[in-house]
Amino acid sequence: MGGVTLWGAVSNALICLHLPPVPSACQTITPCLGPAQPFGGDQGLKFSIRPQQPYNDLPPGSSQDGDLKPPTEKVTRDLSSRAPRSLNLRVPDRPQAALNMGARLRPRQRRRRLLIKKTPAAAAAVPASSSAGAFVRPAPWAVDGHGVTLHRSQQERKRVMREACAKYRASSGRRAVTPRHVSRIFVEDRHRVLYCEVPKAGCSNWKRVLMVMAGLASSTADIQHNTVHYGGALRRLDTFDRQGILHRLGTYTKMLFVREPFERLVSAFRDKFEHPNSYYHPVFGKAILARYRANASREALRTGAGVRFPEFVQYLLDVHRPVGMDIHWDHVGRLCSPCLIDYDFVGKFESMEEDANFFLSLIRAPRNLTFPRFKDRHSQEARTTARIAHQYFAQLSALQRQRTYDFYYMDYLMFNYSKPFADLY
């Protein structure tokens, strides 16, 4: 008995949610549909949010050098009986986009992968009548000719991503969003932004931007690397209760930035294994050298230093890895669940400055805030480019390159990246 009844308008229906006074961790929410009523303010489900406890802990999985690792404990409690309806901020009077399909990617048999590859990736232009629209109240520069081009690029990226998800998950039903699906999403409440962190795709600088937007710093240049990763200033979405998560997924602007998978992998290798590192060398390096290097020296086994790229790739492709997966080279599909969470903005590392500043204008961030250009770590070293990535992958056999491409195939498909080598199928 008792409880709270919550009402909100979604599309053309009125939804009421009756919550018992003490919901259990896995309890589902049953919607009650009724006639639509005028509903002012923001779209999406409206919840009464309980006051949150101050967040003073470090993000789970923080490593000793300030890098974040995925949580090892499997979280199984559901947040709802179905995936929340995401908020797509559209130009008014346009129909709402179809519900996002699919779910967290799971490994598939090679036959299924090959069947997917036989279907050409979508590349046609988005029709003018497409429901994949722009953000509400764009900044002035977003409606000029260049802004229109960037807007159309966003439409196309989201269309390709959704079609890839629909094709891959065509036979599966919708899945519930769990804390694991949102564990890499950072929250900025002042501007109502959710950012999914993809390591080695500008994540450190994006966290700096969010901290400035939140009023935690006056300039991105003032924030040190350890403060970004150790400080715990930015709260992650999985630290909110169920209602807080659903409310933000339904009403905040959701964005992620991605990077060409081979380049991202090489960037991670260079950062973690070619420089002194108090976490990746003793944890990953020792295990890799012990398993994949014949006659490894005692010194190498003691320190874990000196891992070579082919040895690192052997570890990556080994289904019985001696140590687990790491967020710096995990799939974007598993980090951000783009087939389950309908992201409003998809940026690319390759056009970072243009995409990032366009996004900041769309959410009406302070006009003097721009995305920082500086390299976060090893600033004297050249950024990983396509040319540098090719040099590293030239050390592998054709079969290893193919298997690595297969490993990241859904990332290539969802984000419309071209094959990095001509002999890949």
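This structure is a prediction, so every number in the text was calculated from the model and none was measured.
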Smallest heavy-atom separation, Leu396 atom then Pro310 atom, equals CD2-CA, 3.7 Å
When rounded to the nearest 0.5 Å, the distance separating CD of Gln391 from OG1 of Thr384 is 10.5 Å
_Classify the ring geometry of Trp206 against Phe359: parallel below 30°, tilted from 30° to 60°, perpendicular beyond 60°._
perpendicular
| task | Please work out which of the three classes, parallel, tilted or perpendicular, describes the rings of Phe284 and Tyr315, given edges at 30° and 60°. | result | perpendicular
Whether Lys200 side chain and Leu265 backbone form a donor-acceptor pair below 3.5 Å: no
Exercise. Does the distance from a Lys or Arg side-chain N to an Asp or Glu carboxylate O, for Lys167 and Glu163, drop under 4.0 Å?
Worked result: no
Exercise: do Ser183 and Arg236 side chains pair donor with acceptor under 3.5 Å: no
Evaluate the ring planes of Phe393 and Phe309, with Trp represented by its six-membered ring, and classify them as parallel (under 30°), tilted (30 to 60°) or perpendicular (over 60°). perpendicular
Applied to residues 270-318, the disulfide bond (SG atoms under 2.5 Å apart) test, sequence neighbours excluded, yields none
*asked:* For the backbone of Val332 and the side chain of Asp411, can you confirm whether one donor and one acceptor N or O come within less than 3.5 Å of each other?
replied: yes
What I want to find out is whether Glu311 reaches Arg291 closely enough, with some N-O distance under 4.0 Å, to be called a salt bridge. no
Rounded to the nearest 0.5 angstrom, the CG-CD distance for Asp355 and Glu353 is 10.5 Å
**Asked** Counting distance only, does the side-chain N/O of His281 pair as donor-acceptor with the main-chain N or O of Ser278 below 3.5 Å?
**Response** no
With a cut-off of under 6.0 Å to the ring centre and 45° to the axis, is Arg235 in cation-pi contact with Phe186? no
So disulfide bond (SG atoms under 2.5 Å apart) across residues 252-336, not counting sequence neighbours, yields Cys196-Cys336
For Arg373 and Arg383 the tightest heavy-atom approach is O-NH2, 3.0 Å
Nearest heavy-atom approach of Glu197 to Cys203 is CG-CB, 3.6 Å
Interatomic distance, CZ@Arg308 vs CZ@Phe269, rounded to 0.5 Å, equals 10.0 Å
- [ ] State whether the number of non-hydrogen atoms from other residues, nucleotides or ligands found under 6.0 Å of Gln224 atom CD is greater than 12.
- [x] no
Distance-only, no hydrogens or angles: does the Thr303 side chain make a donor-acceptor pair with backbone N or O of Glu299 under 3.5 Å? yes
| Full working for side-chain hydrogen bond (donor to acceptor under 3.5 Å, both in side chains) between Ser218 and Asp222 | CA-CA 7 Å; Ser218 58; Asp222 299 333; 3.3 Å; yes
Item checked: Whether Lys419 side chain and Leu424 backbone form a donor-acceptor pair below 3.5 Å -> yes
Quiz item: How about His331 and Phe407: are their ring centres within less than 6.0 Å of each other?
Solution: yes
So CG of Leu246 and CG of Asp241: to nearest 0.5 Å the spacing works out to 9.0 Å
- request: Check the pair Glu381 / His275 against side-chain contact (heavy atoms from CB on, under 4.5 Å), numbers first and verdict last.
  value: CA-CA 11 Å; Glu381 188 175 82; His275 299 275; 3.1 Å; yes
Can you tell whether the side chains of Asp342 and Lys158 come within less than 4.0 Å, N to carboxylate O? no
Query raised in the report: Has Arg264 got its NZ or CZ under 6.0 Å from the middle of the six-membered ring of Phe349, at an angle within 45 degrees of the ring axis?
Result: no
Any luck finding a side-chain donor-acceptor pair between Ser361 and Asn357 under 3.5 Å? no
Treating Arg403 as the side-chain partner and Leu317 as the backbone partner, does any N or O pair qualify as donor plus acceptor under 3.5 Å?
yes
| field | Sidechain-backbone polar pair: Ser397 side chain, Gln400 backbone, donor-acceptor under 3.5 Å | value | yes
Query raised in the report: Do the numbers put Lys348 on top of the ring of Tyr417, so that NZ or CZ is under 6.0 Å from the six-membered ring centre and no more than 45° off the axis?
Result: yes
In this structure, CZ of Arg184 is separated from CG of Asp238 (nearest 0.5 Å) by 8.5 Å
Taking every heavy atom of Gly147 against every heavy atom of Phe358, the minimum-distance pair comes out as O-CZ, 3.9 Å
**Study point:** Ser351 side-chain N/O to Glu354 backbone N/O, donor-acceptor pair under 3.5 Å
**Key:** no
What one should report as the nearest heavy-atom pair of Met352 and Gly202 is CE-CA, 4.0 Å
Tested for side-chain hydrogen bond (donor to acceptor under 3.5 Å, both in side chains) against Glu188, the lone hit among His191, Arg190, Arg192 is His191
To the nearest 0.5 Å, atom NZ of Lys254 lies from atom CD1 of Ile341 at 8.5 Å
| said: Against the six-membered ring of Phe421, is Arg401 placed for a cation-pi contact (under 6.0 Å from the centre, within 45° of the normal)? | reply: yes
Shortest non-hydrogen pair, Leu216 vs Ala233, comes out as CD1-CB, 3.7 Å
On the 0 to 90° scale, with breaks at 30° and 60°, tag the Phe262-Tyr408 ring pair as parallel, tilted or perpendicular. perpendicular
When you measure from the side chain of Arg157 to the backbone N and O of Val346, does any donor-acceptor pair fall under 3.5 Å? yes
Between Tyr280 and His328, how do the two ring planes meet: parallel, tilted or perpendicular, split at 30° and 60°? perpendicular
Hydrogens and angles aside, do Gln314 and Asp318 bring a side-chain donor and acceptor to less than 3.5 Å of each other? no
Would Arg259 and Glu350 pass as an ion pair if we require N to O under 4.0 Å? no
| message | Whether the side chain of Thr227 engages the backbone of Ile223 through a donor-acceptor N/O pair (distance < 3.5 Å, no angle test) should be reported. | response | no
Thr149-His146 side chain donor-acceptor pair, cut-off 3.5 Å: no
Trp329 ring center within less than 6.0 Å of Phe312 ring center:
yes
Modelled atom types, side-chain donor and acceptor of Tyr252 and Asp344, under 3.5 Å | no
